[in-house]
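Working notes, structure below.
A note on names: the letters A, B, ... follow the listed sequences, proteins ahead of strands, and every chain is numbered from 1. Keep in mind it's a predicted model, so treat the numbers as computed, not measured.
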Amino acid sequence: AQTVTQSQPEMSVQEAETVTLSCTYDTSENNYYLFWYKQPPSRQMILVIRQEAYKQQNATENRFSVNFQKAAKSFSLKISDSQLGDTAMYFCAFFNAGKSTFGDGTTLTVKP
Amino acid sequence: EAGVVQSPRYKIIEKKQPVAFWCNPISGHNTLYWYRQNLGQGPELLIRYENEEAVDDSQLPKDRFSAERLKGVDSTLKIQPAELGDSAVYLCASSPGTEYNEKLFFGSGTQLSVL
């Protein structure tokens, strides 16, 4: 079974600054997909970024980028130029062969 | 394009009562997921449908939980009887095809409180 660990229950960052959220996972699989989802108070999970394990290049989406270290089984999310609207819970997720495992989330607060 | 619609948004019931949640996925999406999210935790998969077939229900507590997806569109998740430990947010998600690398589109969930 896969496990996903997010070691930072809460984080805060000043508006316009950069913050990095950590995620580690454990799996014996070689092909899989990793995701970061954002969950605002509305409860609706929104995809932030996706990474295919077979790709060495780190994924980027505007202000969001990942540092994917396959050997270390690490998948951190960097948010640049943080905005107040980034305040939410962030979940790291592992997908393989229809199985999905989510971490327990990091609550991010962006301060004005 | 309408998103994934779930109802009700909130539900409060007494233990041992039955409860049902409804999900309408995005039109044309073949795969539908039900997740349970306990307070302070990430979502946990209960059941996954590909069209009308339940392809993974290994985490569904079948003694009290049931689900159906008639005609491969809408889905209903039922709990009977509900227990105190069932209090959680129940999330529905859908994706266009059946590839597990696809983006999931989530609804806003149903928050269940069992008293």
Between B/Lys16 and B/Glu14 (salt bridge meaning N to carboxylate O under 4.0 Å), is one present in this structure? no
With a 4.5 angstrom heavy-atom cut-off, could you sort out which part of B/Leu91 is near chain A: side chain, backbone, both or neither? side chain
Taking the six-membered ring of A/Phe95 as reference, does the cationic atom of B/Arg48 (NZ for Lys, CZ for Arg) lie under 6.0 Å from its centre and within 45° of its axis? no
Which residue out of A/Ser42, A/Cys92, A/Pro9 racks up the most heavy-atom pairs below 4.5 Å with chain B? A/Ser42
Crowded around B/Lys11 NZ? As in, over 12 foreign heavy atoms under 6.0 Å? no
Can you tell me if B/Tyr35 and A/Ser100 form a side-chain donor-acceptor pair at under 3.5 Å? yes
Applying disulfide (SG to SG under 2.5 Å) as the test, list every pair that has at least one member in residues 36-89 of chain B; sequence neighbours left out. none
Determine whether the side chains of A/Gln69 and A/Asn67 contain a donor N or O and an acceptor N or O closer than 3.5 Å. yes
Whether the A/Tyr25 and A/Tyr32 side chains hold a donor-acceptor pair (N or O, under 3.5 Å, no angle test) is what I'd like checked. yes
With a 4.5 angstrom heavy-atom cut-off, which part of A/Gln6 approaches chain B: side chain, backbone, both or neither? neither
Within residues 52-79 of chain B, contacts to chain A at heavy-atom distances under 4.5 Å involve B/Asp56, B/Ser58
